[in-house]
Amino acid sequence: MSAADDNIELVNKILRLKEQRNAVILAHNYQRPEVQDIGDFVGDSLELSRKAAETDAEVIVFCGVHFMAETAAILSPGKTVLLPDEESGCPMADMVTADELIDKKRELQGANVVCYVNSSAAVKAESDICCTSANAVKVVQSVGAGTILFVPDQYLGLYVSTLVNRPMVLWPGFCPTHAKIQPGDITNLKGKYPGSIALVHPECRPEVTDVADEVLSTGGMLRFAGQTAAKVLIIATETGLLHRLKKENPGKTFLPAAPAALCPNMKKITLEKVLWALEDMKPVITVPEETRLRARLAVDKMLAV
Ligand code: 13P
Ligand code: SF4
């Protein structure tokens, strides 16, 4: 039996069980191609939190990383949220803990905390408002006068701060996957492909966003790619996004800026693990109610922006 046949059998089992469990499968744009292909919805962090908040399904199978499943649990307390691999974390989210944030807030007395959605529920509970890479500019613009502490992504924070011309205190976190992308990766490809356009994720280092034609979330890159007249696009983000870009734009060429920009955690979810999660109804992601209620305030504020 070929690998493709194996997948067909697995996919059919998943689809049958999904119906029985009244489950919805949400998949992030960085997931493995075969996992994206079984998603009821595939999107960026903001789009996926919106879907998690809206769904009528009783079970959410979250194909992404831990903080994304936690955000779904924050927004949908009555639903069962399954993360097919509990070890699928985000090293950047782990770069700030609630206790460290509490200490910093004490030091900065009265600062507004804007927290990137790539953070734990406990950190969100200590924050005033959340943001994703798709809405960070709008969120920061919505914050009243006073000091802003931006956690945990220093590069997204610096990018937004420069764009809106407002200084912010930046937590020294970063994404190890996006940090692999170098400005030379883009400038070399631009030299080789005249007329190409470089789309860069704001988690990249400032010297990389500096050479971008557009700085966009993964969802923003997909929309841009669908609309632009350019035929060759350089993609500076995790390489999983290339699957949807190619599938949705067969007439265009997409070049990964750095093929090594691969998030090992995003790739931990496999079709087998999705099936096992539905069979065993675990691992379930929950958030303690007191934390959930406080974190929800920060997430709801973001969704209202
Ligand atoms: P997006 O919100 O752009 O999908 O990014 C999420 C993420 O984890 C980027 O590394
Ligand atoms: Fe976290 Fe980076 Fe992976 Fe996104 S790509 S989940 S920020 S480690």
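No experiment lies behind these values; they were computed from the predicted model shown. Both ligands and their constituent atoms are indexed starting at 1 by order of listing.
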Could you list which atoms of ligand 1 come closer than 4.0 Å to a heavy atom of [X]?
X      : answer
His178 : 10 (O)
Ser217 : 3 (O)
Asp44  : 1 (P), 2 (O), 4 (O)

| request: State if Asn265 counts as touching ligand 2 under the rule of any non-hydrogen atom under 4.0 Å. | output: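 Asn265 does not count as a contact of ligand 2 under the 4.0 Å cut-off.
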
| query | Which atoms from ligand 2 have a heavy atom of Glu203 less than 4.0 Å away? | reply |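 Those atoms are 2 (Fe), 7 (S).
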
| Is a side-chain donor or acceptor of Ser217 paired with a backbone partner of Thr132 at a separation under 3.5 angstrom? |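 Not confirmed, Ser217 side chain does not pair with Thr132 backbone.
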
| Main-chain N/O of Pro77 paired with Arg292 side-chain donor or acceptor, under 3.5 Å |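 Checking the backbone N and O of Pro77 against the side chain of Arg292, no donor-acceptor pair under 3.5 Å is found.
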
| said: For a salt bridge (Lys or Arg N to Asp or Glu O under 4.0 Å) check, start with the C-alpha distance between Arg294 and Glu290, then their side-chain angles and the critical distance, and finish with the verdict. | reply: CA-CA 7 Å; Arg294 290 196 297 136; Glu290 191 263 340; 3.2 Å; yes

| said: Counting backbone and side-chain atoms alike, is an N, O or S atom of Cys90 positioned under 2.8 Å from atom 1 (Fe) of ligand 2? | reply: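 Yes, since at least one N, O or S atom of Cys90 sits under 2.8 Å from atom 1 (Fe) of ligand 2.
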
Would you check whether [X] has a nitrogen or oxygen atom less than 3.5 angstrom from a nitrogen or oxygen atom of ligand 1?
X      : value
Thr218 : yes
Ser133 : yes
Asn29  : no

What protein heavy atom lies closest to [atom]? Include the residue and the distance to one decimal.
atom                    : answer
atom 3 (Fe) of ligand 2 : Cys263 SG, 2.4 Å
atom 2 (Fe) of ligand 2 : Cys175 SG, 2.3 Å
atom 10 (O) of ligand 1 : Glu203 OE1, 2.8 Å

| request: For Lys124 and Ser119, work out which heavy atoms get closest and say how close. | output: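 Heavy atoms of Lys124 and Ser119 come nearest at NZ-O, 2.5 Å.
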
